[in-house]
Enquirer: 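Once you've had a glance at the structure underneath, I'll fire off some questions.
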Amino acid sequence: MTFGAEERLILSGLELMEIDRKAFISGLGGSATVASMNSEAKADVLEDFMMEHLNEIGVATQGGASGKYPTMAEVDAQIETRRHRRGVGNLFLSHARNVKRLPPMPAKPTLADFFKLRFHVTSKHVLQSANLAMKNGMSEEVILACLLHDTAQELIKVDHGWWSAQLYEPYVPEKVAFAIRYHQALRFYADPEYGYEYPDLYRVLFGEDYKPEPYVEAAYKMARGHKWYGEARMVTVNDLYSFEPDVNPQLEQFADIIGRHFKQPAEGLGFDNSPVAHIWRSIARPDAPL
Ligand SMILES: [Fe+2]
Ligand SMILES: [Fe+2]
């Protein structure tokens, strides 16, 4: 099976995320089916695959000192090769085709409605993370933090820990918002005591010689000494970035935890006049021109 240059780069990213290329190809219907596709169709299926299974996909390049990862300069050099910026939220972009019409939201949307109708790219990843946290016997707060930790990436990816925490802050315990906010910074720093290593994926996404921004380092240092460090750290420990093909947890599995710890506003998310209501509305209505 042959892929174009850009697709090959994406595939090497998938490999770094321990995604089995053979399983991927057989999932498409086997080599013969794939061989009959034109390059646009291949790009489409690759896009579908990534949309379904991954939320932190990056494009690998060949190069860098290791030959396995790009350098920061190579990552930077890709900026002007795209029509979009990398930090754009999932809802606002389709890599392979025109965007689709979104299903309407109910008048008083709940968290579950957002999961089903808007969190198309992030939901599988966060459900898998929360499921893993549950299997690992984490507290309900950590499980909830895992369930919510990346969902603001539907709106914006830049500083997604801060955005996600802000989105949920009025509705969840402070400890949960803290864990969501700081998972982003902690992801860059290994902690062998918790069995957390620097992710290979980040060498792909940021470049192998990347050093986190000073504000990220400051956030890490603050969180490291905080009484809720363990909660934030456990989000990173249960944060999956590889695709688990046979694990398909459903939101219903977490209904009790959501019921106990998430204060669903009676008016619906986006309509409760909270300081973050407009953020929910922006996720609900990404086609609004202004
Ligand atoms: Fe994250
Ligand atoms: Fe994540």
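Counting starts at 1 for both ligands and their atoms, following the listed order.
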Enquirer: Is the Fe ion (ligand 2) less than 2.8 Å from at least one N/O/S atom of H125?
Expert: yes

Enquirer: Where the Fe ion (ligand 2) is the centre, what is the NE2-to-OD2 angle for H149 and D150, rounded to 10°?
Expert: 90°

Enquirer: Please tell me whether F178 and Y229 form a close aromatic pair, meaning their ring centres lie under 6.0 Å apart.
Expert: no

Enquirer: Which N/O/S atom belongs to D239 and is the closest one to the Fe ion (ligand 2)?
Expert: OD1

Enquirer: Which heavy atom of M105 sits nearest a heavy atom of A284, and at what distance?
Expert: CG-CB, 4.0 Å

Enquirer: Salt bridge or not between E154 and R118? Use side-chain N to carboxylate O under 4.0 Å.
Expert: no

Enquirer: Would you call D113 and K116 a salt bridge, using N to O less than 4.0 angstrom?
Expert: no

